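Below is one structure, written out as structure tokens; comments come after it.
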Amino acid sequence: MQRGSDRLSVHRDDEMKHELQGLLRSGHPTRTEEWHDPEPSADDDPEVAFGPLRPGRAPSSLEAMRLELARFLNRSAFPAGPRELVRALDRRYAPDALVEALERLPRHARYANLQELALALTRTRETETA
């Protein structure tokens with residue numbers, strides 16, 4: 001009979017359950033050694049929503065667009081036009097706002113890499129808001 005754990009013995013599984021029982025019941029760390037507990041974030045820590053921040057500046061819209069596109073597109077998607085890229089984004093369940101932004105690009109355009117696509121999208125967004 002298999003217990004669902006191939007790496008550890010039955011006795012080690014039970015020992016680990018016993019060790020975690022206090023944490024699961026109390027909802028806070030139960031260790032006496034403070035160095036085991038993760039340090040909470042401070043009030044003045046910078047937000048890291050757009051990836052690593054460089055000292056002295058926040059991420060630009062180009063960097064944010066490039067990071068968002070990189071979550072859903074890889075190198076094999078390029079070179080491609082907006083139609084192929086929209087299909088690739090649909091396959092990867094990308095957010096609708098990102099797909100709609102690509103649908104507004106000129107249909108005859110071709111993009112060799114992610115940087116070119118991010119530049120085109122940020123230019124399109126800037127002209128729409130201006």
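Predicted, not measured: the structure shown is a model, and the values here were computed from it.
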Where Phe72 and Tyr93 come nearest, the two heavy atoms and their spacing: CE2-O, 4.1 Å
State the CG-CG distance between Leu69 and Leu121, to the nearest 0.5 angstrom. 6.0 Å
Taking side chain as C-beta onward, heavy atoms only, is Leu102 less than 4.5 Å from Arg83? no
Here the gap from Leu98 atom CG to Leu89 atom CG, rounded to the nearest 0.5 Å, amounts to 5.0 Å
Which atoms form the tightest heavy-atom contact between Ala109 and Pro82, and what is the distance? O-CD, 3.3 Å
I want to check something: taking the side chain as every heavy atom from C-beta on, are Arg110 and Glu84 in contact at a cut-off of under 4.5 Å? yes
Measure the spacing between CG of Asp90 and CZ of Arg87 and express it to the nearest 0.5 Å. 9.5 Å
Calculate, to the nearest 0.5 Å, the distance between atoms CG and CD belonging to Leu85 and Glu103 respectively. 11.5 Å
Decide yes or no on side chain to side chain contact (heavy atoms under 4.5 Å, CB included) for Leu119 and Met65, but give the supporting numbers first. CA-CA 9 Å; Leu119 279 169; Met65 180 62 72; over 6 Å; no
Is any side-chain heavy atom of Asn74 less than 4.5 Å from a side-chain heavy atom of Leu114? no
Assess whether a salt bridge exists between Glu116 and Arg66, defined as any Lys/Arg side-chain N lying under 4.0 Å from an Asp/Glu carboxylate O. no
Less than 4.5 Å apart, side chain to side chain, heavy atoms only: is that true for Tyr111 and Leu105? yes
